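Values in this document were obtained by computation on a predicted structure and should not be read as measured data. In listed order, ligands and their atoms are each counted from 1. Every heavy atom of this structure was used, including side-chain atoms; hydrogens, water molecules and symmetry mates were not.
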Amino acid sequence: MATADALTDLPPTPLFPATHSGIPERYVEQCKESKARIYSNKTLPPSVPRAGELPVLPPDVDRDTFNKAIAELKESLGKEHVELNDKPLVDGWYMEHPNTHDAFHVVEQSELVSSATVYPGSTEEVQAIVRWANKFLIPVFPISMGRNLGYGGAAPRLRGSVIIDLGRRMKKVLKIDGQNATCIVEPGVTYFALYEEIQKTGLPLWIDTPDVGGGSVLGNCVDRGVGYTPYGDHFANHCGMEVVLPSGELVRTGMGALPGKNGADNPSWQAFQHAYGPSVDGIFSQSNFGIVTKMGMWLMPETEHQSYMITFPKEEDFEQIIDIIRPLALNRILGNIPQLRSVIQELAVTGKPKSHFYQGKDPVPEEVIRSHAKNMPCGDCAWVFYGTVYGPEETRKMQLDVIRQEFAKVPGSKFILPQDVPEDHYLHARVRICSGVPELRELDWLNWKPNCAHLAFSPITPTKGEDAKIVHELVTRLHKKWGFDSLPTWCVSGREMHYIAEILFDRADEDEKRRAIACMREMIAEAAAQGYGEYRTHLIFMDQIARTYGWGDQALMRLNETIKDALDPNGILAPGRAGIWPKRFRGRGFQLLPDDEKTAINGTNR
Ligand code: ADP
């Protein structure tokens, strides 16, 4: 472990706006503390020497062709905008993340890597890169920020692909419409950046931010990420895209397809999602059909708000809690996307390591978790519900009265307001997140283990206790079987819930990594056998999960492949993303299915 002295010497995190992915001044202290905590738990060196000839090449491309292609790319974009991935790999941390590989490597660090990174400065340059990729048959993988940690970070699905890092140079908030509460962003705009930009205008508008604010608004949206205000379903709140197709052609979706007067943008582009004809936006999310270079998002008008937490005493209470949540959610009495979290997370978000609470290597026993919870603001409990209501005082009061009354039906439940807990309690971070203020606090559970990384298992169920029980029981059982603490959260958006179970593992522990993969594989298979599927996943599970959506003898995948082959006949754009492989790579051992890890990370059995 690093010593206290070494920690005070940690170099400062780059600042925003000087660095597009940097931290705004107002977060500097919080950022410093977060970084020190995470580095105090690192035992791995910053980097290790790499083996073999570098950079790693994409499949079907020899070194001469690759070198010639890179020279041509440098010539057209400027050599400072093309970087080879031939140096040691540095995982860094959330705010100083790599764009060369998966910083949360659950397979070998050197497996999910790119060959190079290119930094376009405009949509025209993105088009030029795509045409270049077609010419040399080099696979490319777009990222906006590359902070998709837990789902593969900045790594490409196919080893040796060239990363198109859109965020570094295409980072403008192109428009904020204060009247209609909308904006248009480029890929490099983080939640931190959009928040700062809106503060500068003084407009009474909120953004919706996920748990940590360093991701890009656009990248999170196309990966169908979620936040916690009433605008928490990000894809449902986007409006209009500009997309570079794998051929290099440029399209605008929604009302943007109809040119405005004298060549201006269409005035309704950010007002109406569907326009005329097929609604195609969905095919550019969680896919490999296009590179989104601009996106419209709806913003939420500022309003009054009240966050709260409710604790419940018994593990088995969750079925009743969820059945209480359903009518409240359907009737929009729960104002936001609330969370029901397992009490172990109260321990983890303190930022203290697991060893502070328990010395064993096995999962922390329930009685130990509860004995610590007893001395914390949540008290001895099994579940904690975090919610927020919005609007003027009378509206909030009416909603809160119903909420309190309904949850009081669970014997022993306790209702807690922010003023009832200390200033450093997680509830205050929820107040900020649920009122559109980006945060870093959620990083704190990444101190649970040394060199801590996470993998998310994220199935969807209806908002019904009986469905929740099936998924929760299999997740609990399989976490125990494979030796992991289970830290589940239900995020409720009306009729469905995202169940997010984070496996926390030590990147230095090969056995733990092997078990994390085995646990994920088994959870995916068992959940699918019961009819439950994941909404999003890490790169190495994409093939397995895509197959679980196999109704009609893989009819949906055949449709996806038909679209892929029509749009991308050379198979250059993000091959394998979402389990969709272009013709040229199909049937060649690139798919990663449950028994393939040892032989086939990105086609090493090719
Ligand atoms: P974040 O901005 O949250 O860090 P990433 O940039 O890591 O997110 O992107 C998340 C996922 O979405 C990645 O798998 C990436 O391939 C895809 N993606 C990101 N930006 C784009 C884009 N502009 N066009 C198409 N796909 C994208």
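- Short contacts between ligand 1 and Ser216, defined as distances under 4.0 Å to a heavy atom of the residue, involve ligand atoms 1 (P), 2 (O), 3 (O).
- Using a 4.0 Å cut-off between charged side-chain N and carboxylate O, Asp565 and Arg586 make a salt bridge.
- The single protein non-hydrogen atom nearest to atom 20 (N) of ligand 1 is Ser144 OG, 2.7 Å, given as residue, atom name and distance.
- With hydrogens and angles left out, the side-chain atoms of Ser285 and Arg224 include a donor and acceptor closer than 3.5 Å.
- Closest protein heavy atom to atom 4 (O) of ligand 1: Arg147 N, 2.5 Å.
- Here Val222 has side-chain heavy atoms under 4.0 Å from ligand 1, and that is the only part of it that gets that close.
- For atom 17 (C) of ligand 1, the nearest protein heavy atom (residue, atom name, distance) is Arg577 NH2, 3.5 Å.
- Scanning the protein for heavy atoms near atom 23 (N) of ligand 1, the closest one is Val292 O, 2.7 Å.
- Atom 25 (C) of ligand 1 has as its closest protein heavy atom Gly290 O, 3.5 Å.
- Scanning the protein heavy atoms around atom 11 (C) of ligand 1, the nearest turns out to be Asn148 ND2, 3.7 Å.
- Of the N or O atoms in Pro142, one or more lie within a sub-3.5 Å distance of an N or O in ligand 1.
- Put simply, no part of Ala574 is less than 4.0 Å from ligand 1, judged by heavy atoms.
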